[in-house]
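Working notes, structure below.
What you see is a predicted model; the values in this text were computed from it and never measured. Residues: numbered from 1 along the sequence shown.
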Amino acid sequence: MDVTSATARIHERLAAAARRSGRGEDAVSLMAAVKTRSVEEILEALRAGITVLGENRVQEAQTHLEALGDKIRPEFSAHFIGRLQSNKARRAVQIFDSIDGVDSRRLAETLSRHAVELGVTREVVLEVNLGEESQKGGVEPEGVRVLAEEVVRLPGLALTGLMGVCPYDPSPEASRAHYRKLAGVFGRLSTSEFPHLKVLSMGMSHDFEVAVEEGATMVRLGEALFGPRRSP
């Protein structure tokens, strides 16, 4: 798949969806979800102008980032997305700029402790369980404010936003109510209380335009950029 051409087409679709939501064409950032992707594919995405990479396996991310470090490349930020095991939290704090998927005070405290020990500050995004799916991570919408208040008090962490994953449905419209609900939760968190809040991460390859129409500021795309995912 031609990643450069795909990126250009996606940016056009993002701009159109942002206009439909009454926002400017540059209101939405594009995160490339690079699970199972080759370094060459990732480099092509970076050269096409993508500046945010999403990884959900710490070991694979380390391999990617070490390989990219040996090449001439644009600057980018690396985000861990999804469930993070506590025994991998220290390494995640070392190699990622942002941990997108914090869903408990316990995990936040673990990340904070490692960040303080390492002398760094890491951005964190809270994951919200949108579909009441017990097998998925995420804090319930009703518990977001309490968790947010706990996280902003922890040293070494900067709370920057919320993220959510919808129950899969082939129809993009099936995601709309979930994204609207998450946007409502996001909107009720006062920026005076949470001054770094800027990221509303929702929308994937099959439904990202709906997510943008409902207020997403970041979408996480894999197959739309790179084609079908390879087996791990």
Side-chain angles (χ1 to χ4, degrees), residues 1-8 10-11 14 26 28-102 107-108 110-127 154-161 163 196 198-199 201 203-205 208 217-232:
M1 188 166 179
D2 185 338
V3 178
T4 301
S5 297
T7 302
I10 288 166
H11 277 302
L14 287 173
D26 59 351
V28 186
S29 298
L30 170 56
M31 176 192 292
V34 297
K35 178 180 177 179
T36 77
R37 306 301 175 178
S38 69
V39 172
E40 289 71 26
E41 287 175 302
I42 298 171
L43 277 170
E44 188 176 354
L46 293 170
R47 289 171 182 142
I50 290 174
T51 60
V52 185
L53 301 183
E55 301 264 11
N56 67 351
R57 294 176 176 173
V58 173
Q59 189 59 49
E60 183 182 24
Q62 183 168 345
T63 300
H64 281 159
L65 295 172
E66 287 175 352
L68 290 169
D70 294 333
K71 302 179 184 296
I72 298 174
R73 57 169 175 80
E75 290 301 314
F76 62 87
S77 61
H79 292 228
F80 181 86
I81 49 177
R83 276 187 162 176
L84 177 64
Q85 297 175 349
S86 59
N87 64 338
K88 296 183 179 179
R90 183 180 180 84
R91 191 65 186 129
V93 169
Q94 288 176 315
I95 67 176
F96 291 104
D97 302 293
S98 180
I99 311 297
D100 299 9
V102 173
L107 176 57
T110 299
L111 294 169
S112 171
R113 184 176 70 253
H114 291 312
V116 171
E117 290 171 353
L118 293 165
V120 298
T121 297
R122 290 292 177 253
E123 297 183 353
V124 295
V125 172
L126 304 186
E127 182 174 2
L154 294 172
L157 302 182
L159 176 63
T160 58
M163 68 165 285
H196 301 293
K198 59 186 179 183
V199 177
S201 176
M204 301 175 74
S205 288
F208 68 89
T217 67
M218 179 177 287
V219 297
R220 308 178 302 273
L221 307 187
E223 290 192 0
L225 282 169
F226 302 107
R229 180 181 291 169
R230 298 185 182 89
S231 299

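- Minimum heavy-atom separation, L65 to I95: CD1-O, 3.8 Å.
- Ionic pairing of E127 and R83 is not present here: no N-O contact between side-chain nitrogen and carboxylate oxygen is shorter than 4.0 angstrom.
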Practice task
Using the side chain to side chain contact (heavy atoms under 4.5 Å, CB included) rule, take V39 and T63 through it: C-alpha gap first, then chi angles, then the decisive distance, then the call.
Solution key: CA-CA 9 Å; V39 172; T63 300; over 6 Å; no

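- Donor-acceptor pairing under 3.5 Å is lacking for the side chains of R122 and S98.
- Taking every heavy atom of both residues into account, A108 and L157 meet most closely at O-CD1, 3.4 Å.
- Residues R90 and L118 have side chains in contact (heavy-atom distance under 4.5 Å, counting atoms from C-beta outward).
- Note: I81 CD1 to N56 CG = 5.5 Å, rounded to the nearest 0.5 Å.
- To the nearest 0.5 Å, atoms CG (L84) and CZ (F96) are separated by 8.5 Å.
- E41 CD to M1 CE: the interatomic distance, rounded to the nearest 0.5 Å, is 10.0 Å.
- The minimum heavy-atom distance between A115 and G156, with the atom names listed, is CB-O, 3.6 Å.
- Pairing each heavy atom of L107 with each of V102, the nearest pair is CD2-CA, 4.1 Å.
- The side-chain heavy atoms of V219 and M31, taken from C-beta on, include no pair separated by under 4.5 Å.
- Once rounded to the nearest 0.5 Å, the distance linking CG of L111 with CZ of F80 reads 10.0 Å.
- In plain terms, the two heavy atoms of S205 and A224 that are nearest each other are OG-N, 3.0 Å.
- Between E60 and V34, the shortest heavy-atom distance links the atoms OE2-O, 4.3 Å.
- Summarising the geometry, atom CG belonging to L30 is positioned 8.5 Å from atom CZ belonging to F208; distances are rounded to the nearest 0.5 Å.
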Exercise for the section: Using the side chain to side chain donor-acceptor pair (under 3.5 Å) rule, take H64 and E55 through it: C-alpha gap first, then chi angles, then the decisive distance, then the call. Expected result: CA-CA 9 Å; H64 281 159; E55 301 264 11; 2.7 Å; yes

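- In this structure, the separation between CG on L126 and CD1 on I99 is 12.5 Å, given to the nearest 0.5 Å.
- Residues M163 and H79 form no side-chain contact, since every pair of their non-hydrogen atoms from C-beta on lies 4.5 Å or further apart.
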Handout entry: side chain to side chain contact (heavy atoms under 4.5 Å, CB included) evaluation trace for I50 with T7
Key = CA-CA 8 Å; I50 290 174; T7 302; 4.0 Å; yes

